[in-house]
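Some notes on the structure that comes next.
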Protein chains: 2
Amino acid sequence: MTEKALQQLKTAEIEKISHLDYFNIGITVDCVILGYDEKELKVLLIKSDMQEFSGLYSLLGDFIKPDEDLETASYRILKERTGLDDVYLEQVHTFGGLKRHPSGRVITIAYYSLIDIRNHKLQLSHNELHWHPVTEIRKLAFDHKLILDTCLGRLREQVMEHPVIFNLLPEKFSLRELQELYEAILGVELDRRNFRKKISIKDWLVDIDEMENNVPHRPGRLYTLKKQYKTKGSGTKVLALH
Amino acid sequence: MTEKALQQLKTAEIEKISHLDYFNIGITVDCVILGYDEKELKVLLIKSDMQEFSGLYSLLGDFIKPDEDLETASYRILKERTGLDDVYLEQVHTFGGLKRHPSGRVITIAYYSLIDIRNHKLQLSHNELHWHPVTEIRKLAFDHKLILDTCLGRLREQVMEHPVIFNLLPEKFSLRELQELYEAILGVELDRRNFRKKISIKDWLVDIDEMENNVPHRPGRLYTLKKQYKTKGSGTKVLALH
DNA sequence: TAATAAATATGTACTTACGACACATTAATT
DNA sequence: AATTAATGTGTCGTAAGTACATATTTATTA
C-alpha cells in the first residue's frame, strides 16, 4: 500500500467520520451583557465581522473550547470583553436552528449577564464595543435579536421573584434609581409611594445614613441591599414585587 | 494490509478526530417525560445500556441529527418512545460538564414533557421502559438525576403561573384529581375549599355536566379546561395559584 | 433673601386576595 | 334506615394591593 493510498484512505475515513452524525456541529456561547445607565437598560454589542451581516451588530460570543464547560466559557467571554469577573450570569436558552449561522451548523447557548456600568473596574476590550439602549434595537446579526428578546423576557420574570436587579446598580443607590430601573425593565410606570412601601415592607435594604450614623431622614438618601440577600447566583431569596 | 490493521488505522483516526477542537463534542437531547398516575408524578426511564451505569436507569435521549433542529429531535424521541406526537414540550437547560459522559464530551439539551399516561394512544416502544414515581428516585445514570431535578424545579415554577398542569390530566377530570396533582407537584397540602375557590374564581374550567345539560350540582362532577386556555406551548394565559 | 417649584418622605382609606374554619348536601357503606 | 365518607358552598378576620393626599426638604429663581 503506497503512502498516497494510505493518505486517501485516511481522508476517506475523515470524510466519513466528519459526515457522521454528531461531529459537524459547532457550539458557541453568546452573552447578553446588560447594564443600566442614563435611565436606560443597555446591552453590550459589537459590530459583526461577517460579510453577510455587514453593518449589523451582534452579541458577544465565542466557540467553546474542548476542555471548557459552558459556564467557564461564558465567564471567559465576559472577562475578555469587560474585564469583570465577579458578575451575575444565568443560562437562558439554547438556540439550534439549522439556518441560524451562514457558515454551517452552529448551536449556541445563550446567557445573560447583569453588570454595573458605573463599576470602575469595567474596561471594554475594544473600540468596536458599544452600549445600546435595548429599546432602540431593531435588528441584529444572526438570530441575535431573538436571543436578546428571550433574555429580556427572562430578566422580566426573574426581576419579579428574585433580587437580581441589584447587580445592575452600584453599591449605593437611591430608591428613585431603583424604581426607575424596575420601570425600565418592566416597561411600566410604578407609583412612587406604593413602590417604596413594598420595598421597605420586605426589609431588603439598609439605609446607609442610618447605618453610618449620619443625619437620617433627609430626602435623596442612599440605600444598599442587605448582605443576606447579596448573591451572584439566582439565589433562593425571594423578593416578590407582585 | 490485514483487515485488523485497517481497523486499527480507522480507530486511530477516529481517536484523532475526536480530539480536534469543536468537532469532538457530541450533542444530545434528553427528555424528562412526566406523567401522572395512581396519585403520583412519574417519569419515564429506561435501563441504561452503558457498562459504567449497569443497573441504573436513565432518561430518554439521543444524539441530534445534522439536519434536525432541537425541537424536532425532542419530538422525534417522544414519538419514538411513546407514540405520542401532540404533547407539551419545553426546553429547560443545557448541561455541558466535561465529565458528564464517560465516552467523551457530550453536551445535552434537556426538555421536559407532560403527557397523560391514561391517553389510549400511549404505546411504549420497549419493554425496558418504565414509569417511576419521582419521589422514589435516588440515583440515575450520567448526570440525569440533576437534569430530572432541574426539570422538576422548572415544572413547579411553571405550574404556579401557567396552565401547563392540564397536559398531565385526561380531558375530563374532577377537582379533587386536579388538586391532588397540584399537591404531588408542589409537595404541599392544599385546603380543599380554598383551592376550589381559586380555581373557579379564575374561570378556567367548564363543568361538563352543565355543558351537556345533565343533572348539575352533584358531587364528583367532571370538569374540562376551557378551550381558550388550551395550549401545548407555554402560552401567555396566566393561571396564578399564588 | 424670600418666594416658588420640584422632588422626597410618610400616611390614610378602600378594595381585593388569602387562609382558617363551619356547615350542608350527596354518595357509598353497613 | 343509619352511619360514614366525600363533595359542594359560605363566612370572617387578616394581610396585601391600589389610589390618592399631605407634609417636608432641597433646588430654583425672582
Side-chain angles (χ1 to χ4, degrees), chain A residues 38-39 156 159-163 165 169-170 172-225 237-242, chain B residues 38-39 156 159-163 169-170 172-184 186-225 237-242:
Chain A
E38 295 167 325
K39 307 196 174 186
R156 276 188 282 270
V159 122
M160 297 299 287
E161 299 291 340
H162 299 281
I165 202 169
L169 290 170
K172 299 178 184 184
F173 50 84
S174 68
L175 282 183
R176 169 147 294 265
E177 268 184 303
L178 182 61
Q179 183 184 337
E180 283 169 347
L181 177 50
Y182 268 108
E183 291 174 334
I185 292 173
L186 298 174
V188 294
E189 298 223 327
L190 301 172
D191 184 280
R192 197 164 40 81
R193 302 156 286 193
N194 294 333
F195 176 79
R196 170 179 227 65
K197 219 186 307 179
K198 282 189 190 179
I199 300 296
S200 55
I201 281 174
K202 298 292 179 187
D203 290 326
W204 298 354
L205 304 182
V206 179
D207 184 318
I208 296 275
D209 296 317
E210 280 191 6
M211 194 175 65
E212 297 176 353
N213 289 322
N214 290 349
V215 185
H217 292 282
R218 60 169 168 67
R221 60 179 122 161
L222 297 175
Y223 296 86
T224 192
L225 183 62
K237 302 300 172 59
V238 172
L239 184 168
L241 194 81
H242 290 295
Chain B
E38 295 168 325
K39 307 199 174 183
R156 276 187 282 270
V159 123
M160 297 300 286
E161 299 291 338
H162 299 282
L169 290 172
K172 300 178 184 182
F173 49 86
S174 68
L175 282 183
R176 168 147 296 264
E177 270 183 304
L178 182 60
Q179 182 185 337
E180 284 169 346
L181 178 48
Y182 268 107
E183 292 174 335
L186 298 174
V188 294
E189 296 225 328
L190 301 172
D191 184 281
R192 194 168 43 84
R193 300 155 288 192
N194 294 333
F195 176 79
R196 169 176 227 76
K197 220 187 303 181
K198 282 189 188 176
I199 299 296
S200 55
I201 282 174
K202 297 292 179 187
D203 289 326
W204 298 354
L205 304 182
V206 180
D207 185 318
I208 296 273
D209 295 317
E210 279 189 8
M211 194 177 68
E212 297 176 352
N213 289 320
N214 291 349
V215 186
H217 292 280
R218 60 167 169 69
R221 61 178 122 159
L222 297 175
Y223 296 85
T224 192
L225 183 62
K237 303 300 173 56
V238 172
L239 184 168
L241 193 79
H242 290 293

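Lettering follows sequence order; numbering is per chain, from 1. All values reported here derive from a predicted model rather than from experimental measurement. Side chains are part of it too, since the values below use all heavy atoms of this structure and drop only hydrogens, waters and symmetry mates.
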In this structure, how many angstroms lie between the [atom2] atom of [N] and the [atom1] atom of [X], rounded?
{"X": "B:Glu189", "N": "C:dG19", "atom1": "CD", "atom2": "P", "answer": "15 Å"}
{"X": "B:Leu190", "N": "D:dT7", "atom1": "CG", "atom2": "C1'", "answer": "17 Å"}
{"X": "A:Phe195", "N": "C:dT10", "atom1": "CZ", "atom2": "C1'", "answer": "16 Å"}
{"X": "A:Leu178", "N": "C:dT8", "atom1": "CG", "atom2": "P", "answer": "13 Å"}
{"X": "B:Leu175", "N": "D:dA6", "atom1": "CG", "atom2": "P", "answer": "16 Å"}
{"X": "B:Lys198", "N": "C:dT16", "atom1": "NZ", "atom2": "C1'", "answer": "14 Å"}
{"X": "B:Arg196", "N": "C:dC18", "atom1": "CZ", "atom2": "P", "answer": "17 Å"}

State which residues pass salt bridge (charged side-chain N to carboxylate O under 4.0 Å, His left out) with [X]; sequence neighbours excluded, sorted by chain then number.
{"X": "B:Arg176", "result": "B:Glu180"}
{"X": "B:Glu183", "result": "none"}
{"X": "A:Glu38", "result": "A:Lys42"}
{"X": "B:Arg193", "result": "B:Asp191"}

Side chain to side chain contact (heavy atoms under 4.5 Å, CB included) between B:Leu181 and B:Lys39, worked out: CA-CA 7 Å; B:Leu181 178 48; B:Lys39 307 199 174 183; over 6 Å; no
Please list, pair by pair, any protein nitrogen or oxygen found under 3.5 Å from a nitrogen or oxygen in nucleotides 20-22 of chain C.
residue	atom	partner	partner atom	Å
C:dA20	N7	B:Asn194	ND2	3.0
C:dA20	N6	B:Asn194	OD1	3.2
C:dA20	N6	B:Lys197	NZ	3.4
C:dC21	N4	B:Arg193	NE	3.3
C:dA22	N7	B:Arg193	NH1	2.7
C:dA22	N6	B:Arg193	NE	3.4
C:dA22	N6	B:Arg193	NH1	2.9

A:Arg192 vs A:Leu175 side-chain heavy atoms within contact, under 4.5 Å: no
Phosphate-side-chain proximity, A:Arg176 and C:dA7, N/O vs OP1/OP2 below 4.0 Å: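 No, outside the criterion.
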